[in-house]
Amino acid sequence: LDRNARLWARRLDTEPGYETPDLPAVCAVRDGRPYADARRNRLYIHRLQTEDDHIALAHEYVHLAFQHHPRGQDEAFVERTARALIRSDWSSQ
């Protein structure tokens, strides 16, 4: 996440409402869906094995990065942004 967050910050810096969050802790979620806990600065995800797992991580990160802006609650924007971030990362590997 440390490496990706720096790359994502460069890509997202021009987006209205973007604020570079402190690097969050990444924790395992045992039940339910992945989620972001902005108050504790943590992302809860299942694993990081597939592209979808990485999209989930980016999705929750985008929620943190836009937490003080209405876009942070716009699921369509968050998901579209997360997919764009990950797909460009995976295509460069």
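Quick caveat: nothing in here was measured; it's all calculated off a predicted structure.
Within the 4.5 Å cutoff, no side-chain heavy atoms of Ile86 are placed close to those of Leu57. Counting only heavy atoms from C-beta outward, the side chains of Ile55 and Arg87 approach each other to under 4.5 Å.
Under the rule for a side chain to side chain donor-acceptor pair (under 3.5 Å), the partners of Asp2 that lie at least two apart in sequence or sit in another chain are Arg6. In this structure Arg40 satisfies the side chain to side chain donor-acceptor pair (under 3.5 Å) test with no other residue, sequence neighbours excluded. The side chain to side chain contact (heavy atoms under 4.5 Å, CB included) test applied to Arg33 returns no partner, not counting sequence neighbours. Partners of Tyr61 under the ring-ring contact (aromatic ring centres under 6.0 Å, His included) rule, at least two apart in sequence or in another chain, are Trp8. In this structure, the side chain to side chain donor-acceptor pair (under 3.5 Å) partners of Glu15, at least two apart in sequence or on a different chain, are Arg71. Listed by chain and residue number, His68 satisfy the side chain to side chain donor-acceptor pair (under 3.5 Å) test with Glu19 (two or more places apart in sequence, or in another chain).
Taking the six-membered ring for Trp and thresholds of 30 and 60 degrees, Tyr44 and Tyr35 have nearly parallel ring planes, at less than 30 degrees apart.
Closest heavy-atom contact between Cys27 and Arg42: SG-CD, 3.8 Å. Contact between His59 and Val78 at its shortest, heavy atoms only, is O-CG1, 3.3 Å. Across every non-hydrogen atom of Pro34 and Ala56, the tightest pair is CG-CB, 4.0 Å.
Of the inter-residue distances, the one linking Asp74 atom CG with Arg80 atom CZ reads 7.0 Å to the nearest 0.5 angstrom. Between the CD atom of Glu60 and the CG atom of Leu1 there is a distance of 12.0 Å, given to the nearest 0.5 Å. Expressed to the nearest 0.5 Å, how far NE2 of His63 lies from CG of Asp37 amounts to 13.0 Å. The distance from atom CG of Asp13 to atom OG1 of Thr20, rounded to the nearest 0.5 Å, is 6.0 Å. Rounded to the nearest 0.5 angstrom, Asn4 CG and Leu85 CG are separated by 9.0 Å.
Checked by atom type and distance alone, the side chain of His46 pairs as donor or acceptor with a backbone atom of Gly32 at under 3.5 Å. Looking at Asp53, its side chain does come within 3.5 Å of a backbone N or O of Thr50 through a donor-acceptor pair.
Following chains of ILVMFWY side-chain contacts shorter than 4.5 Å, one cannot reach Val29 starting from Val26, and the two form parts of different hydrophobic clusters.
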